[in-house]
Number of protein chains: 2
Amino acid sequence: MDAAILNSNPKKSIRYRMENSIPPTAAPSRTAPSPLRAALDRSAWVRRAITILADDGVDGLRVEILAKSLKVTKGSFYWHFKDRRDLLDAVLVIWKEGRVSDIRKQTQCQPGGEATALLHTIDVYAAARNRKGIHIEAAVRDWARRDAQAASVVEEVDAERLACACRLFLACGMSDSEARARSVMLYAYVFGVSLMRCDRFAPDLLELKHWIADRIAR
Amino acid sequence: MDAAILNSNPKKSIRYRMENSIPPTAAPSRTAPSPLRAALDRSAWVRRAITILADDGVDGLRVEILAKSLKVTKGSFYWHFKDRRDLLDAVLVIWKEGRVSDIRKQTQCQPGGEATALLHTIDVYAAARNRKGIHIEAAVRDWARRDAQAASVVEEVDAERLACACRLFLACGMSDSEARARSVMLYAYVFGVSLMRCDRFAPDLLELKHWIADRIAR
DNA sequence: CAGCGTCCATACGGTTCCGTATGGTTGGAT
DNA sequence: ATCCAACCATACGGAACCGTATGGACGCTG
C-alpha cells in the first residue's frame, strides 16, 4: 500500500543501440519472434546475473564475465542494457519483487492458522536448504552497505517482511509492541543463522532451531 | 640479461619483511628508530586495511588504494608484504585476535553475575553505536562466503563466542541443550539486527531490543 | 528483393590494479 | 667517512574490465 516507488515506467524497454534521441515509436508489433538460437532478453540476463551475484557478490558481477557465462559477448549486453548500473538496477527490481511476493505467499493462512504459519515462515527462512536464496540475500545486504539504491530496496523488503510477520502476531492476540518486537526478533534471528557457522558447535542444529522457533513464535 | 651478475648483493630473493604478528622479542638493540617521518610497520598497514575493509569490502581493499590512503606508494607495501594475499591473511589474524579477546572480556563476570553479563553482552553486540565494528563484521562474513581462509577464521570466532555465551547459560543452571540453543539464538539475533533496517518499522527500537534481550537471556 | 529492425561479434581506447625491478634516501653501526 | 639495512619512489609489463564504434547474420515486411 505504502509502496511509494511504483515501477510503472512504460518507457523502460528502451533498447540502447545508439544515443539517438528518438524514443521507440510505440512499436506495437508483436512479441519476440523465435529464431533458431533463442535470443536473450533482459530477464535472462538478470536471472543469470543474480546467480553470479550469489556466488561472487556485486563486485564480482562483471559484464564480460556475465556475457561469457551466457556464451555471448558483451556486444549483446550493451544492446540490452545501457551500462552495468542499468543491470544492477534491474537486478534489484527483480529481487525485490520476488522477495515481496514470496513473503506474502509464505505468510498467508486461514484464520486461526497464524501460529503455524509463523512457525512455517521461520522454518522456511532459517532452513539451510535454500542456500542460493541465502547467498543472494547476503550479497544484496552487503551490497546495500555501500549502495543507496540497494539499501533502499533492502529497507522496503525488510519493511514488507516485518509487516507480514507482525500481522500474524497481531492475529494471535498479542499487543502491538509485543508483535513488533517478536517480528524484529524473528527476522534478526533468521538473517543471523544464515551467517553463522555453528555446525561444529551444534551438531543437533535442527532440534535447536525448532526449540528457538517455538520460543520466538509462541 | 646478465645484469644480475653485476649486483654484488647475493640475497635479493626476498625483499619483503618476513614474520607475521609476533613482535621480535630477540634483537634487544633493535628499538624503533624514529626518523622524521615515522616509518610504517605491518600493523599500521593492517589497521588501515581494516578501515578500508569496513567501508568497501574485501574487493574494495586494493593495495594501491591502501597505499594512497597512507600517503605512500605501493613500493612501500611490497616491502612489508609479499603480496595482497599476505595482507589479507594478516587482516584475518588481527581481526580474529581482537574478536576473541573482546568476547572473553565482555563475558567475564563474578560468580552469580552471569545473567547480567548475558544481558550486557547482548546489549553491547546488538547496539548500533559500534558501527565500524559492525561493518567490519559484515565485510568479513561476506568475504568468508568465497574465501576458505576467511571462512575458517569466522568459524573459529563464532565457536569462541558461542562457547562464551554457553558457559554463562550453563552457569545460570540451564540444561546443556537449552544453553546451546540459547547461545545460537543470541548470536543469530545479534548478527541479524546488525543487518536489518527497521528504523521505520520500529521507532521504539531500544525498548524492543530490551524486550528481546530479556526474552533471549532469561 | 530490397529494406529495416533485432541481436550479437569484433575491435579498439582507456582505466584500474597487480606484481616486479630498480634506484634513491636516511640513520646507525663500524 | 663508509657501508648496510630499512624504507620508500618510480617505472614498467601485463591482465581484467568498462564502454563505444561498427559491421554482420537473420528474419520479417512491403
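These numbers come from the heavy atoms of this one structure, side chains and all, not from hydrogens, waters or symmetry mates. Within every chain, numbering begins at 1; the chains are lettered A, B, ... in the order of the sequence lines, protein sequences first and strands thereafter.
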| said: What is the separation between atom CG on B:Asp59 and atom P on D:dA16, rounded to the nearest whole Å? | reply: 16 Å

Listing time: all N or O pairs from protein to nucleotides 16-20 of chain C that are below 3.5 Å?
residue : atom : partner : partner atom : Å
C:dC18  : OP1  : B:Val63 : N            : 3.0
C:dC18  : OP2  : B:Val63 : N            : 3.1
C:dC18  : OP2  : B:Glu64 : N            : 3.1
C:dC18  : N4   : B:Lys74 : NZ           : 2.9
C:dG19  : OP2  : B:Tyr78 : OH           : 2.8
C:dG19  : OP2  : B:Arg84 : N            : 3.1
C:dG19  : N7   : B:Lys74 : NZ           : 3.2
C:dG19  : O6   : B:Lys74 : NZ           : 2.3

| query | Rounded to whole angstrom units, what separation is found between the NZ atom of B:Lys68 and the C1' atom of D:dT10? | reply | 14 Å

| query | B:Trp79 CH2 to C:dT22 P: how many Å, rounded? | reply | 19 Å

| query | A:Lys71 has an atom NZ; how far is it from atom P of C:dA9, in whole Å? | reply | 12 Å

| task | Apply salt bridge (charged side-chain N to carboxylate O under 4.0 Å, His left out) to B:Lys96 and list each qualifying residue two or more places apart in sequence or on a separate chain. | result | B:Glu156

| field | Distance test, side-chain N/O of B:His80 to OP1/OP2 of D:dA6, below 4.0 Å | value | no

| Got a sec, which residues hit side chain to side chain donor-acceptor pair (under 3.5 Å) with A:Arg182, two or more places apart in sequence or on another chain? | A:Glu178

| task | Salt-bridge test for A:Arg85 and A:Asp147: reply yes if a basic N is under 4.0 Å from a carboxylate O, no otherwise. | result | yes

| said: For A:Arg146, give me all partners under side chain to side chain donor-acceptor pair (under 3.5 Å), at least two apart in sequence or on another chain. | reply: A:Asp142

| said: Going by side chain to side chain donor-acceptor pair (under 3.5 Å), name the residues that satisfy it together with A:Asp204, two or more places apart in sequence or in a different chain. | reply: B:Arg180

| query | Who passes side chain to side chain donor-acceptor pair (under 3.5 Å) against A:Glu155, sequence neighbours left out? | reply | none

